[in-house]
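This report concerns only the one structure given below.
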Amino acid sequence: MTNLVIVESPAKAKTIEKYLGKDFTVRSSYGHIRDIQKKGMGIDLENGFLPNYEISSDKKKNVTELKKLAKASDTIWLATDEDREGEAIAWHLAEALNLDIKTTKRIVFHEITKPAIQAAIANPRTVDLDLVDAQQARRILDRIVGFELSPILWKKIRTGLSAGRVQSVAVRLIVEREKEVEAFESNFVFRVQGQLKLLDKSGNPVGDLDVKRTATFATEEEATAFLEAVAKANLSVVSLEEKPAKRTPKAPFTTSTLQQEASSKLGFSVKQTMMVAQRLYESGKITYMRTDSVNLSELAIAQAKETITSEYGAKYSESRRYKTKNADAQEAHEAIRPTDFGVENVTGERNEQRLYQLIWRRAIASQMADAQLKRTTVDVGIDLLPDDKLTAKGEVVIFDGFLKVYDFDAKDGSGLLPPMTIGQALSVTELGAKQSYSRPPARYNEASLVRTLEEMGIGRPSTYAPTIDTVQQRGYVIKEDREGKPRDYRQITLVDGKVSAETLSEMAGTEKNKLFPTDIAGIVTNFLTKHFGDILDYQFTAKVEGKFDVIAEGKMQWQDMLSEFYTQFHPRVVAAEDVSREEAGQARSLGNHPESGKPMFVKIGRYGPYVQVGDGENEEKPTFASLMPGQKMDLLTLEQALDLFKLPREVGEMPETFKAKAVDGSEFGVEKGQMIIAKQGPFGPYLEYGVKMYAPIKGFDPLSITLEESVALVENKIQADADKIVKTFPGTDVKILKGRWGPYITDVTTKKNAKIAKDEDALELSLEECEKRLEEAPEPKKRGRAAAKKAPAKKAAAKKPAAKKTPAKKAAAKKPATKKPAAKKTTTRKVAAKKAAVKKIDAK
DNA sequence: CAGTGAGCGAGCTTCCGCTTGACTT
């Protein structure tokens, strides 16, 4: 009797194999083995959203091997994780290995112990196809959203961009937070704090007391008046309160909380945390690191108790069972914990040791007793200000409990207060009122973004780190440090009975390892929220998850759910095709032009980012300049933008005539005294040195390039142009030039070009023949405004019916009463109307 | 937006979730 057990992870397979007898072979799938085809949509949008699955390229070898083993085995046990994805993996395995889905045994275990595994083997079920359907709906929806939205971004904003249910919301969070920070208006209050001396009956100091005034002052005058009153007043202890308090340990780590703590305590990036954790997992030191569960197995709880009791004594032990708050959690695994609590430290790399210790402490602490504290609050009365007071707080640990191992969050500074009695007098050592500014909302770092996403139920433990990576790779988000700016503040100080004030400086807004949105992120988020607001909605995932749950319960067909989604989603994709690049590329405002006061923007256009001055109001035409090569639109300042308009600039006159000789002996070049002008074009800066004579500026700043440098560039260009000449016809504008694809005929003034066949000898061609061909050649295409506006409209008209008909037809067939056909008929007219509307606005 | 030099067309980019690879520089 031979058995094949398939789990997801190879590390798990190894452990399980030990617990099962010789009759059992345990192998792993290495996660998902099949996925929707890699290229293209891979979903039949017209026929029930049927996906085309294929074995993932990196799993082919493994699947072949599993197939072989399956054939040789009497019984197959699908032991993938007990969650939606695990169920789907089991189903894909059954499909790929040609197993009967109705009879193949499906087992799950919640902990890897011999009895648990044996119990699982004794109670097999079959694959839950409803749960599989829920996963398919999830997968297909993500593919549709990602693969229909991304191409729109390529067309309207920039190629290579991407959008998706998870990443687009992550980017939105960062964009919105940045807006909040920018819009934040800081105000200030004056906070009073300082140190007092406790006095004995004869006025000798017997102890120090750190105090604060809980309430703040709105103005410097009030704060000064307060300190001046205190200077003259008698201070005494008016109330003394002691209260017991306790602190409770936190739950053991999940992926997200581990990432947060490793970030704040060890300074790890989320990626780094996962890599180090993976190594600990593979070497058997910790349980699985991609989990959303805070649950510990009974065995683990018992083990922890044993360790705590023997290390610290029984009173430190308190067995606790934690519940996951998050409703979206799938809890296929345990919380992250040491596999052996008896091991307090591991060998290996330093970072592995540090992360392990963090995990060990957090898990152990979660099974320890509360810390018992005594909190003391002292109020100091001021006789001249009977309604006011200063307060001191102290906290003493009576019993440390879990703090013995996990004291990272212990409050500092508020230790034991000196002994005192009601009525005891005090004097001021130093008391200050500092002007303190309110702070804008904190920008996200990687870990806090993960926390927010998790709270919103967006993304999964296995995808947090990759998502953070993706948004950075696509150029939506930059992780960096930013220097703050110095800011003045007022400090009023009472010392030796005298009140003085001074202006001091501090750094404000310093950021370290924070996530900043790029301009592209702003553009994409604007565009997507405008046209696909529901997908960018922070609730979108939660809403569809609710539907997936209904599917998993067998109360809804997955096709119906997708159909409902797609019939409202796809038309908006079609509509978004008609949005002009200009509208889609709306970007950042740079402020106003210092002289004209016109608004300035950085936008992204067909040829990349550019600056626009003026918004076309008041019949004034905006002016434009593209960014220099290497300039980043995200970082462009108003000053740099203005610099772009300092071109064209007259660099100087040609000091000498320069002529270059072509192969046929003809000469051309530039005369002495010709003005050289530096200009900025769509592909970068260039020099103009005559009618239709240009040389690109490479390696120099067009604002500061010298005449000497310019002349060198011009001469090089003339020489290069001369080298391109195959033949000239003296006295005419006709030339035969060397092109990248062979020689061609050109007319220098009309810019018309004509072909020369491959088997022809270009040198043999007569002027008459060349002129004839030029005559027949098509007009050179006009580019620029007129052409740019026309082209998309044409394209849309030609492309639309063919490309868009089929899905629409399908929707119409399904629901005859929808507005779909009507909408389609009017598409072209609508485009025209929209364009007209845009023009009207322009004209205004 | 504008021009910097042929013009056209085909092909490419992309999603989210599971899991670790290792033929050779």
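The chains referred to below are lettered A, B, ... by the order of the sequence lines, with proteins before strands, and numbering in each begins at 1. None of the values given here were measured: they were computed from a predicted structure. Values below: all heavy atoms of this structure, side chains included; hydrogens, waters and symmetry mates excluded.
- With hydrogens and angles disregarded, a donor-acceptor distance shorter than 3.5 Å links the side chain of A:E8 to the backbone of A:D81.
- Spacing between atom CZ of A:R84 and atom P of B:dC16 amounts to 14 Å, rounded to whole angstrom units.
- Counting non-hydrogen atoms under 4.0 angstrom, A:G86 reaches nothing in the nucleic acid.
- Residues A:V651 and A:S710 approach most closely at CG1-OG, 3.3 Å, considering heavy atoms.
- Taking atom NZ of A:K38 as the reference point, atom P of B:dG17 lies 19 Å away to the nearest angstrom.
- Ring-base stacking between A:W154 and B:dT14 is not satisfied when judged by a centre separation under 5.5 Å and a plane angle under 30°.
- Each of A:Y288, A:Y30, A:Y281 was evaluated against A:S9; a single residue qualifies, A:Y281, per the side-chain hydrogen bond (donor to acceptor under 3.5 Å, both in side chains) test.
- The phosphate of B:dC18 (OP1 or OP2) has no side-chain N or O of A:R34 nearer than 4.0 angstrom.
- Here A:G31 lies in heavy-atom contact (under 4.0 Å) with a base.
- The P atoms of B:dG3 and B:dG7 are separated by 16 Å, rounded to the nearest whole Å.
- In terms of modelled atom types and a separation under 3.5 Å, the side chain of A:S29 and the main chain of A:G31 share a donor-acceptor contact.
- Residue A:D81 is in sugar-phosphate contact alone, with no base atom involved, counting any heavy-atom pair closer than 4.0 Å across all strands shown.
- Straight-line distance from the CZ atom of A:R581 to the C1' atom of B:dC1: 13 Å, rounded to whole Å.
- Put simply, A:R138 has no side-chain N or O that comes within less than 4.0 Å of OP1 or OP2 on B:dC16.
- Which of B:dG5, B:dT13, B:dC1 sits closest to the side chain of A:P696 comes down to B:dG5.
- Protein atom NZ of A:K14 is 15 Å distant from nucleotide atom C1' of B:dT19, rounded to whole Å.
- Atom pair A:D35:CG and B:dT19:C1' shows a separation of 13 Å (rounding to whole Å applied).
- Base orientation for B:dG21: syn, the chi torsion being within 90° of 0.
- Taking the six-membered ring where tryptophan is involved, the planes of A:F569 and A:Y566 are tilted, since the angle between them lies from 30° to 60°.
- Relative to the six-membered ring of A:W91, A:R106 misses at least one condition, a distance below 6.0 Å or an angle of at most 45° to the axis.
- One interatomic measurement links the two molecules: OH of A:Y689 to P of B:dG5, which rounds to 13 Å at whole-angstrom precision.
- For the pair A:Y53 OH and B:dG17 C1', the interatomic distance rounds to 12 Å; values are reported in whole Å.
- Looking at heavy-atom distances under 4.0 Å, A:Q135 makes no contact with the nucleic acid at all.
- At least one test fails for A:R474 against the ring of A:Y476: distance under 6.0 Å to the centre or angle within 45° of the axis.
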Between the protein and nucleotides 20-24 of chain B, list every N/O to N/O distance that falls short of 3.5 Å.
unit_1 : atom_1 : unit_2 : atom_2 : d
B:dT20 : OP1    : A:S9   : OG     : 2.8
B:dT20 : OP2    : A:Q278 : NE2    : 3.4
B:dT20 : OP2    : A:R290 : NH2    : 3.1

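- At distances below 3.5 Å, at least one donor-acceptor pair connects side-chain atoms of A:T518 with backbone N or O atoms of A:G475.
- For the side-chain hydrogen bond (donor to acceptor under 3.5 Å, both in side chains) criterion with A:E85, the lone passing option out of A:R139, A:R460, A:Q135 is A:Q135.
- Of the residues in residues 143-152 of chain A, those lying under 4.0 Å from DNA chain B by heavy-atom distance are A:R143, A:G146, A:F147, A:S150, A:P151.
- Comparing A:G160 and A:Y610, the nucleotide of DNA chain B nearest to each residue sits closer to the 5' end for A:Y610.
- Checking side-chain atoms of A:E54 against main-chain N and O of A:K38 turns up a donor-acceptor pair under 3.5 Å.
- Among the protein residues, A:A163 comes within range of the sugar-phosphate backbone only, with heavy atoms under 4.0 Å from sugar or phosphate atoms but none that close to a base.
- A cation-pi geometry, defined here as NZ or CZ lying under 6.0 Å from the six-membered ring centre and within 45° of its normal, does not hold between A:K543 and A:F540.
- A donor N or O paired with an acceptor N or O is not found under 3.5 Å between the base of B:dC18 and the side-chain atoms of A:R460.
- Cation-pi geometry between A:R172 and A:Y538 is satisfied (NZ or CZ under 6.0 Å from the ring centre, within 45° of the ring normal).
- Between A:Q612 and B:dC1, a side-chain N or O to OP1/OP2 separation shorter than 4.0 Å is absent.
- Separating the CG atom of A:L453 from the P atom of B:dG17 is a distance of 10 Å, rounded to the nearest angstrom.
- At a non-hydrogen distance threshold of 4.0 Å, A:S462, A:T463, A:T470, A:R474 from residues 462-474 of chain A come into contact with DNA chain B.
- Between the side chain of A:E17 and the main chain of A:V26, a donor-acceptor pair closer than 3.5 Å is present.
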